[in-house]
Amino acid sequence: MGERFVNAYWRGNTLTAVQHDGDGVSLREMRADHSFFVRAADVRAKPDIVRQFRDSRYCTGIVDEGEWVRVRWRYERPDPNHSPVHVRAARFIEEQYKVPTFEADVSPVRRWVVENGIEVDRPRRCYLDIETDSRVPFSKKSQARILAWVIVGEGDGSDVQAGVLESDDDAAERDLLLALWRALRRYDQVLAWNGDRFDYPIILARSERCGLKGEPRRWLWLDHLLLFRRMNVSAAESGEEKQSMTLDAVARAVLGTGKLDGVTGEQSWELWSTNRGRLLDYCAVDADLMRQIEARTGYIELLQTLCEATHTFPDTFGVQPMGQVETFLMRLGHQRGMHFATRFGFTGVHGFEGAFVMEPTSRGFVRDAHVADFARLYPSIILSWNMSPETYRPDVRLKESDIRPAYLSHLPLKTFPIPDGHCGAALTDCVFVNEPRGILSEALDEMLRLRSHWNKLKASLPPGTAEWKDADRRSSAYKIAANSFYGVVGSPFSRFYVREVAESVAQCGVWLIKETIEAAKGRGINVFYGDTDSLFATGCTREQFVEFVRWCNAELYPRLLKERGCARNEVELAYEKGFDRIVMVTAKRYVGRYSHFKGTAASADSKPEVKGLEWKRGDVSRLTRELQGEVIARLMAGTDPPDPATFVPVIEAWRSRVLDGSLELPDVLISKRLAKPLTEYARRVKKDGSFAAEPPHVRVARLLKARGQDVGEGVKIEYYVVDGEEMTVAPASDWTGNVDRFYVWETMVYPPTERLLAAAYPTTDWRQWERARPPKVRAPKA
DNA sequence: ACCTATCTGATGGCTG
DNA sequence: CAGCCATCAGAT
């Protein structure tokens, strides 16, 4: 085990490592290692290469490391539009001498962590909120004076520090910022809601403006909103908690309480002028809400555990799986004397075939369905086939190439047996060596070993205790990391990206689920749906399904994998759950009532499982979710499915509510994320040369931008559809109640429920309640 | 800047 | 003007 550090950063040729030291930290400066590697054999074959290195005024050393030669460089980047000199040198060697270089693009921090077995220490955490002059629009946010700040430490909420601007001048703001930086000294990690886009850049810009010198990189800046969103996507129950990601909305969803009533950020200047105590209260409530959200969710602690497991520092960048996987794999590679090819930049996208999704074959209610799924499917495939970038044998084919002259196209393609000591991926026919173990499978073995270690420890501890929770979190962290490996190998941005490897993982999954479905059919089991790693079946008893799953594990998969040459079999099917009633709407969209989950019988208050339906979506209006939620509850209630006629009064009541009742903004508000910067939405041109209309949320975003509001990438745009001839949309903030009620019913609210009812009762005509808008009155003929 | 598959709505172009 | 298709965008 290496030494523990809180953080590290580099600039030029200096690397600074941050370590706990009493109540504060000590900074340890060392030389930043900007190296790359070449194979010793390549250098021996082409001695000119060494001469090139020696001649360079930037090369500071050539170190013989057995199989490898490490070439050290002084960091220099004369032109900010170009790569640093050592990366350019690597490219030159590759182009001129056709010799591969390794890891020229690795940052000195990662190199230091990887080569020295550095462990990630637990940072002292605090939650920060600032208030700025509300008269300045978001687009000019760094011109806004900071009016107040509050820092809340971890724990019970009693550790609070605060500052408020004394007077509206630069000297007072400088004092305020000095006090803030002084207060931060006790902490290492700073959480702020939307901090990356607001608090952090403003604090830095204002400090610079005041002439304050310092090194902000000694702290771990972690945007709480970013982390919450990432972690909560998979955890959220209904779409309600996905609709808005403001601190107030999330606090209401998670804690049941929001910000201070009657105060909004838009009043900060007024409050500062009239009631500074209240401004501070407001600011303090926000900072403490973050502390409470963490106490409830544990997302930051989970990230911490994940970062400790992968040797990544827990700041905003540490949230990204690519960095976590990269550090973990490079560390393992270092222990095994491996290096990875230099990445000079983005090499282009080459998509690949993914999972198998079966078109649902059932109509209406399905009773007594059994669901089986593969345990950790993709990790188990990587392990069984020993799939890894370096175990892949692109030179070995199992089939003759289909690229051949046309006059030979009538001949069947020749096939070749899988060579000894190798295994062949299904469908892609890519070949992998069985020995030595690939770095990817070794990493997964390690991840799954650690997961099982913490699971066992957890089982031995009293449930709910701090130790139990810690073991639980560590087990989840290893599961999350293990599941992200496949995605990283499949990402063209990753240094471990090999398209064929990622595709082979997915296609072996396709093959396994298809073989399993065929085997089930052979036993008279009716499979009516399946997606990626699961199959949904009827036509057999629970005992028969248990027996089928047992047989798959004991006989089917061992045989199939042996035929493909696998030296190992980690594939495992499990009987996950039963539904006593399920309605399939389409692929990836269904609602079902559990009979049991992993053998545990469902109780009267077991909630139905909802997948993909609008009720789960954060971008539809509240009325859409509420009507569908009510229908879901009714469909899933009672000992038998209800009569379709019972839904008629429900539909009619909702219809008249939408068309004639009172409607509040939240009822009809639509919320969509800007998935890219506003500038990147290309304006399409119509045939007549004029511009086509842009998507509604983009139109609204352009309007908001003109008003100086935050419309950056990732921001949710809230709007509603205004009553009128064409489809016109307005920002939620412009709400006057003039909503297009016909549009709300015909397009927003009824169709999602109509589709669900049509799926449950295919013979009933549910369209008759759809039309609401009176037909247009034709203009009288002239 | 972890994958692909799928569904849905807005928009525009075309057809009868 | 309804119906169909293609394209883009977003969410899951």
Side-chain angles (χ1 to χ4, degrees), chain A residues 229-230 233-234 236 238-239 242-243 316-317 319-326 329 343 345-346 349-360 377-378 480-499 501-507 509-510 529-533 584-590 610-621 624 670-676 680-688 690-699 701 713-714 716-717 721 726-729 743 746-748 751-752 754-755 759 771 775-776 778:
Chain A
R229 194 164 68 199
R230 189 178 278 262
V233 166
S234 50
S238 85
K242 300 178 197 163
Q243 187 170 46
T316 287
F317 296 107
V319 173
Q320 292 168 181
M322 211 170 86
Q324 298 167 6
V325 169
E326 181 161 286
L329 281 179
R343 284 191 66 80
F346 187 57
V349 275
H350 315 279
F352 61 88
E353 298 271 298
F356 166 69
V357 183
M358 182 180 158
E359 185 83 5
L377 177 63
Y378 287 174
I480 292 171
N483 284 334
S484 63
F485 274 72
Y486 156 74
V488 171
V489 172
S491 166
F493 299 102
S494 151
R495 93 174 43 254
F496 305 102
Y497 170 67
V498 180
R499 194 187 67 91
V501 176
E503 189 161 53
S504 294
V505 176
Q507 293 313 301
V510 171
Y529 179 60
D531 183 352
T532 311
D533 60 352
M584 298 296 312
V585 181
T586 57
K588 296 186 185 287
R589 296 159 57 84
Y590 61 84
V610 183
K611 290 281 187 214
L613 297 185
E614 285 72 10
W615 183 78
K616 297 259 319 186
R617 296 177 65 115
D619 61 337
V620 301
S621 71
T624 307
I670 301 169
S671 164
K672 279 195 166 62
R673 193 178 304 286
L674 286 173
K676 51 190 179 186
E680 282 179 32
Y681 288 89
R683 282 227 148 130
R684 295 166 72 190
V685 180
K686 288 199 285 187
K687 280 210 143 187
D688 65 3
S690 62
F691 284 121
E694 292 189 292
H697 71 298
V698 176
R699 303 206 298 258
E713 183 177 359
K716 281 212 155 202
I717 305 296
V721 177
E726 298 291 310
M727 187 189 170
T728 42
V729 284
Y743 177 89
E746 287 183 350
T747 310
M748 291 167 58
E754 187 192 327
R755 289 189 289 265
R771 287 304 302 261
K776 274 188 186 171
R778 280 182 183 275

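Quick note on labels: first sequence line is chain A, next is B, and so on, each numbered from 1.
Atom CG of Asp688(A) is separated from atom C1' of dG12(B) by 10 Å (rounded to the nearest Å). In this structure, Ile670(A) atom CD1 and dA11(C) atom P are separated by 12 Å, rounded to whole Å. For Met748(A) and dG9(B), the CE to C1' distance is 12 Å, given to the nearest whole Å.
Among the nucleotides dA9(C), dA11(C), dA5(B), the one closest to any side-chain atom of Val357(A) is dA5(B).
Put simply, the residue from Val325(A), Val489(A), Val488(A) that forms a side-chain contact (heavy atoms from CB on, under 4.5 Å) with Ser494(A) is Val488(A). When each of Ile670(A), Val729(A), Ile717(A) is checked for a side-chain contact (heavy atoms from CB on, under 4.5 Å) with His697(A), only Ile717(A) meets the rule.
Looking at heavy-atom distances under 4.0 Å, Lys588(A) makes contact with a base. Contact annotation for Ser491(A): backbone-only contact, meaning every heavy-atom pair under 4.0 Å involves sugar-phosphate atoms and none involves a base. As judged by a 4.0 angstrom heavy-atom cut-off over every strand, Tyr378(A) is placed among residues making no nucleic acid contact. Note on Gly354(A): only backbone sugar-phosphate atoms sit closer than 4.0 angstrom, heavy atoms only; bases stay farther off. Using a 4.0 Å heavy-atom distance criterion, Lys611(A) is classed as making no nucleic acid contact. Among the protein residues, Arg755(A) comes within range of the sugar-phosphate backbone only, with heavy atoms under 4.0 Å from sugar or phosphate atoms but none that close to a base. Nucleic acid contact for Glu713(A): sugar-phosphate only, since backbone atoms but no base atoms lie under 4.0 Å from a heavy atom of the residue.
A cation-pi arrangement is absent between Arg499(A) and Phe352(A) under the rule of less than 6.0 angstrom and at most 45 degrees off the ring axis.
Where Lys687(A) and Pro751(A) meet DNA chain B, the nucleotide closest to each residue was compared, and Pro751(A) sits on the side nearer the 5' end. Each of Val585(A) and Gly323(A) has a nearest nucleotide on DNA chain B; the 5'-most of these lies closest to Gly323(A).
By the 30° and 60° cut-offs, the orientation of the rings of Phe493(A) relative to Phe346(A) is parallel.
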